[in-house]
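All ligand and atom numbering here is 1-based and tracks the order in the structure. In this chain, residues are counted from 1 in sequence order. Computed from a prediction, not measured in an experiment: that's the story for all the values here.
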Amino acid sequence: MNKILIKNIGELLTGRNGSLEILHNKEILIREGMIESVGKRGEFSEEGCEVIDAGNSLVTPGLVDPHTHLVFFGTREDEFEMRIQGKGYMEIAAAGGGIRKSVKMLREASEDDLVEHSLPYLESMLRHGTTTVEVKSGYGLSLKDELKSLRALKRLNEMQKVDLVPTFLGAHEFPDEYRNDREKYIDLIINEMIPAVVEEGLAEFCDIFTEEGVFTVSESEKILTAASDAGLGLKLHAEEFEPIGGAELAAKLNAVSADHLVAVSDEGIRSLKEAGVTPVLLPGTTFFLGSDVYAPARKMIDAGLRPAIATDFNPGSSMTESLQIILTIACLKLKLTPLEAFEAVTLNAAKALNRSDSIGSLDIGMKADIVIWNADNHKQIPYHYGVNNVRTVIKGGDVVFSFSG
Ligand code: NIG
Ligand code: FE
């Protein structure tokens with residue numbers, strides 16, 4: 001099958017010894033959808049190859065978005081306006097907006113509707129350079145509607161180019177019908193939803209919204225322990241608004257990632273580091289919610305953590321498919337350097353999905369998921385913001401998008 005040579009690479013970002021490094025004057029040989037070799041310019045013969053001339057531009061691994069809520073139905077721009085007028089996210093949620101509004105809309109949609117609704121967003125992600133994306137359920141909150149969401153996700157994974165990593169998030173919120181009987185909803189998650197999801201092989205991870213007013217730390221521990229016993233990897237929405245101990249719980253349960261962490265304590269940071277949990281930061285969400293308080297990313301880096309960043313793509317708190325704008329916000333508001341920000345959406349994001357051995361870097365034997373950019377160095381991407389800087393996207397060795405004008 002196909003052999004591709006990407007020649008005349010100006011700047012190449014790739015993982016080396018656990019961090020992302022900048023190399024110059026390289027070329028990449030791809031065979032059967034994998035990186036066969038990375039060499040010096042002119043090192044490989046062009047014979048039998050489809051040759052792609054990078055024209056001295058920037059080449060990076062395909063971007064990995066490790067936290068999204070892409071399976072939703074209908075948008076919530078009215079809440080965007082309410083926030084501008086001064087209403088808070090949790091306040092809007094308490095008044096029947098927020099997650100529960102999306103639950104109402106998703107329950108009325110069919111599995112086909114969800115597939116059709118989600119496809120354009122995935123195509124948009126691919127055009128913006130994202131080649132792998134984690135997607136959570138969590139707007140169904142009933143056995144039937146959670147399964148519907150995850151089944152739609154499975155079909156989407158098979159029918160388009162972006163690789164999807166499915167996460168079960170039945171514990172995203174308490175649905176209206178269980179508001180006054182929390183125990184019963186938790187039992188439903190543990191005794192019916194998790195077994196059904198695992199039985200059908202519909203998810204790799206289980207996530208939960210551990211937050212003041214949503215799931216307590218002890219409720220979270222109960223649900224996550226059941227998920228882990230059933231064979232799912234663990235993720236938590238932790239300390240987004242209040243430091244209630246979600247980070248410590250993530251550490252205690254050996255979660256793969258703890259996400260948000262805006263309000264994380266020093267103790268929480270220490271326990272994440274000790275347990276090897278990857279922090280997934282969502283600065284686009286803080287930005288979009290209109291808050292000035294961002295996750296303490298530098299503190300985490302100083303403590304030895306290597307954060308990933310993600311879009312958190314969802315209709316309420318972060319309506320963007322583009323990791324490029326997230327890079328900009330991460331640089332300006334989390335004070336990541338452009339290189340740290342790129343590492344966060346490649347190497348570290350792959351780690352947050354347990355996929356460091358196949359994506360997030362351009363080493364020999366890794367998947368040929370590659371972006372060629374309309375830029376000659378990586379600093380130009382967060383700097384040139386609000387536009388799509390992608391020139392070409394290669395997914396598993398196939399050119400799947402080329403910018404044309
Ligand atoms: O990650 N924090 C909880 N869940 C989502 C928001 C979902 C929504 O508002 O619909 C988040 O921000
Ligand atoms: Fe989220």
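- The protein atom (non-hydrogen) at minimum distance from atom 5 (C) of ligand 1 is H69 NE2, 3.6 Å.
- Nearest N/O/S atom of D312 with respect to the Fe ion (ligand 2) is recorded as OD1.
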Quiz prompt | D163/K395 under salt bridge (charged side-chain N to carboxylate O under 4.0 Å, His left out): CA gap, chis, key distance, verdict | solution = CA-CA 9 Å; D163 280 327; K395 180 79 189 83; 2.8 Å; yes
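- Between E50 and K3 there is no salt bridge, since none of the side-chain N atoms of the basic residue sits less than 4.0 Å from a carboxylate O of the acidic one.
- For ligand 1, the atoms sitting less than 4.0 Å from at least one non-hydrogen atom of Y139 are 7 (C), 8 (C), 10 (O), numbered in the order shown with element in parentheses.
- Here the protein heavy atom with the shortest distance to atom 11 (C) of ligand 1 is D312 OD2, 3.1 Å.
- Close approach to H67 involves these atoms of ligand 1, each under 4.0 Å from a residue heavy atom: 1 (O).
- Looking from atom 12 (O) of ligand 1 to the surrounding protein, the closest heavy atom is S317 OG, 2.6 Å.
- Interface of R76 with ligand 1, defined as ligand atoms under 4.0 Å from a residue heavy atom, comprises 8 (C), 9 (O), 10 (O).
- In terms of protein heavy atoms, atom 4 (N) of ligand 1 is closest to H172 NE2, 2.8 Å.
- Residues L347 and S19 approach most closely at CD1-C, 3.4 Å, considering heavy atoms.
- The atoms of ligand 1 that sit less than 4.0 Å from any heavy atom of G316 are 9 (O).
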Practice problem: Test F287 against Y294 for ring pair (Phe, Tyr, Trp, His ring centres under 6.0 Å), laying out the working first. | Solution: CA-CA 8 Å; F287 172 77; Y294 284 80; 7.8 Å; no
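- The nearest protein atom to atom 2 (N) of ligand 1, hydrogens excluded, is given as E240 OE1, 2.9 Å; this is a heavy-atom distance.
- Between F174 and F215, the ring centre distance stays below 6.0 Å.
- Nearest-heavy-atom check against atom 6 (C) of ligand 1 across F209, F241, F72, Y89 picks out Y89.
- For the pair V38 and L12, the minimum side-chain heavy-atom distance is below 4.5 Å.
- Here the shortest heavy-atom pairing between V371 and G129 reads CG2-O, 3.5 Å.
- Looking only at its N/O/S atoms, H237 has NE2 as the one nearest to the Fe ion (ligand 2).
- Within H69, the N/O/S atom positioned nearest the Fe ion (ligand 2) carries the name NE2.
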